[in-house]
Amino acid sequence: MISIRQVSKGFTVQGKQIPILSIPSWDVAAGEKIAIIGPSGSGKSTLLHLLAGIISPDKGEIHVFSKPLHQLSEAQRDQYRATSIGYIFQDFHLIPSLTAKQNIELVLPGTLLLKEKNNLLNHWFQQVGLHDRMHHLPSQLSRGQQQRVAIIRALIHNPPLILADEPTGSLDWETAGELTELLLNICLTEKITLITVTHDLNLAERFVKRVHISDLNEAHRAGKAPTAPSRKELAL
Ligand code: ADP
Ligand code: MG
């Protein structure tokens, strides 16, 4: 479903090219749930950005659902993101002046009938245990509840692939565990492929498949990519 071949990506800073990712080969099958672990600066977010079509590789090929991302125009990549990808951020990215429900309505197609829309919203708020919090503003929700709203926003258009970048990074450990279980269960039931980046080895343990970024990324393994590991990460 995902196939990466000979992909490299670097950034130019002050005229100097810094290699960040160099991935000879990586495949992900449909329905897999994978935790990607690795220290800060090792290219985890860059990898998710490539898979979401937010950025393009300098070299190499990335196919997702047989779509050659490396060949798509910006407009085609926008379309790909809108239909095929659900993206979850560490810090939720909810609009503070809109209620939980309005934050989700914003991403729903305008063509939906009112009844369909309400059924869909009720279904998903129920699924994540927030049916009595639909009319709350983000500031009136706990951080875990805000991330549940962001999960609905990522899932409501039925994407076959969810990319989550440290989705529990700003939550306490108990909430982080609950949220990871929720995400894993939903992806299992809905047959969604899930790629989560996490620092937290305890959370990564909940995934059947764990991949250390150095196992994919030759640039990092060779010590070429700059990293700034924290003490906790050094224990990896
Ligand atoms: P991670 O998510 O593993 O912490 P990132 O993928 O965010 O790592 O970043 C990998 C490296 O690429 C870091 O050293 C970072 O500073 C660098 N980097 C990321 N984005 C850019 C950019 N737009 N311009 C320059 N350097 C960048
Ligand atoms: Mg990151």
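Between the side chain of Ser42 and the backbone N or O of Pro39 there is at least one donor-acceptor pair closer than 3.5 Å. When atom types are taken as modelled, the side chain of Gln71 and the backbone of Pro68 share no donor-acceptor pair closer than 3.5 angstrom. In this structure, the side chain of Arg5 does not engage the main chain of Glu61 through any donor-acceptor pair within 3.5 Å. A side-chain donor-acceptor contact under 3.5 Å links Lys44 to the backbone of Gly38. Side-chain atoms of Gln145 come within 3.5 Å of backbone N or O of Ser142 as a donor-acceptor pair. In terms of modelled atom types and a separation under 3.5 Å, the side chain of Asp215 and the main chain of Val211 share no donor-acceptor contact. In this structure a side-chain-to-backbone donor-acceptor pair under 3.5 Å is present from His70 to Ile62. Although no hydrogens or angles enter the test, the distance criterion places a donor-acceptor pair under 3.5 Å between the side chain of Gln146 and the main chain of Leu141. Under a 3.5 Å cut-off, the side chain of Glu190 and the backbone N or O of Cys187 do not form any donor-acceptor pair. Side-chain N or O atoms of Gln126 include none that pairs as donor or acceptor with a backbone N or O of His123 at under 3.5 Å.
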Does His93 form a side chain to side chain contact (heavy atoms under 4.5 Å, CB included) with Arg153? I'd like the steps, not just the answer. CA-CA 10 Å; His93 289 203; Arg153 186 187 50 199; 4.1 Å; yes

Can His157 and Thr83 be said to form a side chain to side chain contact (heavy atoms under 4.5 Å, CB included), step by step? CA-CA 7 Å; His157 62 287; Thr83 54; 5.7 Å; no

What's the verdict on side chain to side chain donor-acceptor pair (under 3.5 Å) for Ser8 and Asp58, showing C-alpha distance, side-chain angles and the deciding distance? CA-CA 6 Å; Ser8 60; Asp58 299 332; 5.2 Å; no

I would like to know whether Gln127 and Leu182 meet side chain to side chain contact (heavy atoms under 4.5 Å, CB included); could you show each step before the answer? CA-CA 9 Å; Gln127 281 277 310; Leu182 176 72; over 6 Å; no

Would you please test Trp124 and Leu130 for side chain to side chain contact (heavy atoms under 4.5 Å, CB included) and show each step? CA-CA 8 Å; Trp124 279 108; Leu130 280 186; over 6 Å; no

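Side-chain atoms of Phe92 and Pro138, non-hydrogen and from C-beta on, never get closer than 4.5 Å to each other. Side chains of Thr193 and Ile162 form no contact here, defined as non-hydrogen atoms less than 4.5 Å apart. Between Lys59 and Val7 there is no side-chain heavy-atom pair separated by less than 4.5 Å. No side-chain heavy atom of Asn103 sits less than 4.5 Å from a side-chain heavy atom of Ile152. Taking 4.5 Å as the limit, every side-chain heavy atom of Thr168 sits out of range of all side-chain heavy atoms of Thr196. A 4.5 Å side-chain heavy-atom check between Pro167 and Gln90 finds every atom pair outside the cut-off. Ser56 places none of its side-chain heavy atoms less than 4.5 Å from the side chain of His49. Using a 4.5 Å heavy-atom threshold, the side chains of Lys67 and Gln76 count as separate.
Rounding to the nearest 0.5 Å gives a distance of 7.0 Å between CG of Leu161 and CG of Leu51. Atoms CD1 and CD1, from Ile18 and Ile20 in turn, are 6.0 Å apart once rounded to the nearest 0.5 Å. Taking CD1 from Ile151 and CD1 from Ile156, the interatomic distance works out to 13.0 Å, rounded to the nearest 0.5 Å. A distance of 12.0 Å separates CD1 in Ile104 from NZ in Lys117, rounded to the nearest 0.5 Å. Distance check, rounded to the nearest 0.5 Å: NE2 of His212 to CG of Asn217 gives 10.5 Å.
Ile88 is connected to Phe125 through a chain of hydrophobic side-chain contacts under 4.5 Å among Ile, Leu, Val, Met, Phe, Trp and Tyr, so both are in one cluster. At a threshold of 4.5 Å between side-chain heavy atoms, the hydrophobic network of Ile, Leu, Val, Met, Phe, Trp and Tyr places Ile195 and Ile192 in two separate groups. Note on Leu171: it clusters hydrophobically with Val149, by side-chain heavy-atom contacts below 4.5 Å among ILVMFWY residues. Ile54 and Leu194 end up in different hydrophobic clusters when Ile, Leu, Val, Met, Phe, Trp and Tyr side chains are linked at under 4.5 Å. Leu21 is connected to Phe11 through a chain of hydrophobic side-chain contacts under 4.5 Å among Ile, Leu, Val, Met, Phe, Trp and Tyr, so both are in one cluster.
A donor-acceptor contact closer than 3.5 angstrom is absent between the side chains of Thr180 and Arg206. Counted by atom type alone, Arg143 and Ser170 present one or more donor-acceptor pairs between their side chains at under 3.5 Å.
Ring planes of Tyr87 and Phe89: tilted class, angle from 30 to 60°.
Leu179 approaches Gly144 most closely through the heavy-atom pair CD1-O, 3.6 Å.
Atom CD of Gln17 is surrounded by more than 12 heavy atoms from other residues, nucleotides or ligands within 6.0 Å.
Between Ile4 and the choices Leu69, Leu47, Leu50, the side chain to side chain contact (heavy atoms under 4.5 Å, CB included) rule is met once, by Leu47.
With salt bridges taken as basic N to acidic carboxylate O contacts below 4.0 Å, one links Arg148 and Glu178.
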